[in-house]
Amino acid sequence: MLMLLMSIVARAQNADALYDEGKKLYDQKKYELAFKKLLPAAQKGHKKAQYRVGRCYDKGHGVKEDNQKAYQWYLKGAQQGHAKSQYQLGRCYMKGKGCTQDAAKAKSWLLKAVKNPKGGDKVVEKIKEDIADGDKDAIAIKKIVGL
């Protein structure tokens, strides 16, 4: 039992280290190198890495743009309670990007994102920034979530 617990802890630490390295590279816009670190962390269940892998596929950063793969990775992170993943998943449903358009699912995930106690405030901040930049989707999202 102790060996199993130690194995789980080691795997989590490894995923954290991979994510940290990948995020640093991503922030430096070294997307191909970042993706090589982020993907294994995401596959190990690291929710922030799952979000970043989704962004890579969503924007074509380091990989070929693929809306379905972006959606799948956002879903994995969102199901673990990651606010940014929930927000992006809501946007996917809103636009039918990588999935079937579904207004009810879009609203549900967007509300989860903005009300999320771990990161919802940053999602709201991002929506407000996007509105200030004239983003029409952000204006629609503001109405959907009642900001």
Side-chain angles (χ1 to χ4, degrees), residues 8-147:
I8 291 169
V9 170
R11 209 172 328 136
Q13 289 173 336
N14 189 26
D16 287 340
L18 285 167
Y19 170 74
D20 290 342
E21 292 173 35
K23 169 88 166 63
K24 184 177 179 182
L25 291 164
Y26 187 94
D27 291 345
Q28 295 171 356
K29 298 184 179 1
K30 296 178 180 178
Y31 299 122
E32 286 182 30
L33 294 172
F35 187 80
K36 289 177 183 177
K37 299 286 184 179
L38 294 168
L39 183 60
Q43 291 169 329
K44 292 176 187 223
H46 194 287
K47 62 187 175 187
K48 290 180 182 179
Q50 291 169 339
Y51 165 75
R52 288 280 166 198
V53 168
R55 293 301 287 166
C56 287
Y57 280 117
D58 194 0
K59 301 297 182 185
H61 289 163
V63 292
K64 184 179 178 195
E65 189 174 318
D66 187 322
N67 291 333
Q68 288 180 328
K69 287 183 180 178
Y71 163 81
Q72 291 167 357
W73 284 109
Y74 289 147
L75 177 61
K76 288 174 190 267
Q79 289 173 330
Q80 291 194 71
H82 186 252
K84 289 180 181 179
S85 296
Q86 292 169 335
Y87 175 69
Q88 290 302 330
L89 186 63
R91 288 179 62 104
C92 287
Y93 280 118
M94 189 174 117
K95 308 276 286 174
K97 194 171 177 182
C99 60
T100 302
Q101 192 171 11
D102 187 321
K105 285 182 181 178
K107 182 175 183 174
S108 174
W109 283 110
L110 291 168
L111 283 170
K112 285 178 187 181
V114 299
K115 292 180 178 181
N116 190 321
K118 291 187 178 180
D121 55 335
K122 291 181 182 176
V123 170
V124 170
E125 190 177 299
K126 173 74 171 131
I127 293 168
K128 290 178 180 179
E129 286 174 14
D130 290 347
I131 289 169
D133 291 340
D135 184 321
K136 292 178 184 175
D137 289 339
I139 294 167
I141 290 168
K142 178 183 175 187
K143 290 178 186 174
I144 290 169
V145 298
L147 291 180

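The structure displayed is predicted, hence computed values, not measured ones.
- Although no hydrogens or angles enter the test, the distance criterion places no donor-acceptor pair under 3.5 Å between the side chain of D133 and the main chain of D135.
- Here the closest heavy-atom approach between residue A15 and residue A41 is recorded as O-CB, 3.5 Å.
- In this view, Y57 satisfies the side chain to side chain donor-acceptor pair (under 3.5 Å) rule with no residue, not counting sequence neighbours.
- Scanning for side chain to side chain donor-acceptor pair (under 3.5 Å) contacts around D27 gives K23, with sequence neighbours left out.
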Item to complete: Go through R55 and W73 one step at a time and tell me if the side chain to side chain contact (heavy atoms under 4.5 Å, CB included) criterion holds.
Response: CA-CA 9 Å; R55 293 301 287 166; W73 284 109; over 6 Å; no
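- Atom CG of residue D102 and atom NZ of residue K95 lie 15.5 Å apart, to the nearest 0.5 angstrom.
- The SG atom of C99 lies 9.5 Å from the CG atom of L75; values are rounded to the nearest 0.5 Å.
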Which donor-acceptor pairs under 3.5 Å do side chains of residues 119-132 form with protein atoms, sequence neighbours excluded?
from : atom 1 : to   : atom 2 : distance (Å)
K126 : NZ     : D130 : OD1    : 2.9
K126 : NZ     : D130 : OD2    : 3.4

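- Although no hydrogens or angles enter the test, the distance criterion places no donor-acceptor pair under 3.5 Å between the side chain of Q50 and the main chain of L38.
- Between atom CD1 of residue I139 and atom CG of residue L147 there is a gap of 12.5 Å, rounded to the nearest 0.5 Å.
- Distance CG/D137 to CZ/R91: 5.0 Å, rounded to 0.5 Å.
- Pairs engaging residues 106-116 under the salt bridge (charged side-chain N to carboxylate O under 4.0 Å, His left out) rule: none recorded [sequence neighbours left out].
- In this structure Y51 satisfies the ring-ring contact (aromatic ring centres under 6.0 Å, His included) test together with H82, sequence neighbours excluded.
- Applying the salt bridge (charged side-chain N to carboxylate O under 4.0 Å, His left out) test to every pair with at least one member in residues 72-84, sequence neighbours left out, gives no pairs at all.
- For the residue pair A49 and A42, the shortest heavy atom distance occurs at CB-N, 3.5 Å.
- Closest heavy-atom contact between L18 and K44: CD1-CE, 4.4 Å.
- Evaluation of the side chain to side chain donor-acceptor pair (under 3.5 Å) rule for Q79 yields no partner, not counting sequence neighbours.
- Qualifying side chain to side chain donor-acceptor pair (under 3.5 Å) partners for Q43, counting only residues two or more places apart in sequence or in other chains: none.
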Would you give me the side-chain donor-acceptor pairs under 3.5 Å for residues 60-71, sequence neighbours excluded?
from : atom 1 : to  : atom 2 : distance (Å)
H61  : ND1    : Y26 : OH     : 3.2
D66  : OD1    : Q68 : N      : 3.1
D66  : OD1    : K69 : N      : 3.0
Y71  : OH     : Y93 : OH     : 2.7

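- With contacts defined as side-chain heavy-atom distances shorter than 4.5 Å, the pair V114/Y87 does not qualify.
- Residues passing the side chain to side chain contact (heavy atoms under 4.5 Å, CB included) test with N116, sequence neighbours excluded: A83, Q86, K118.
- Every residue meeting the side chain to side chain contact (heavy atoms under 4.5 Å, CB included) condition with Q28, not counting sequence neighbours, appears here in chain and number order: K24, L25, K30.
- Of all the heavy atoms in A78 and S85, the pair that sits closest is N-CB, 3.3 Å.
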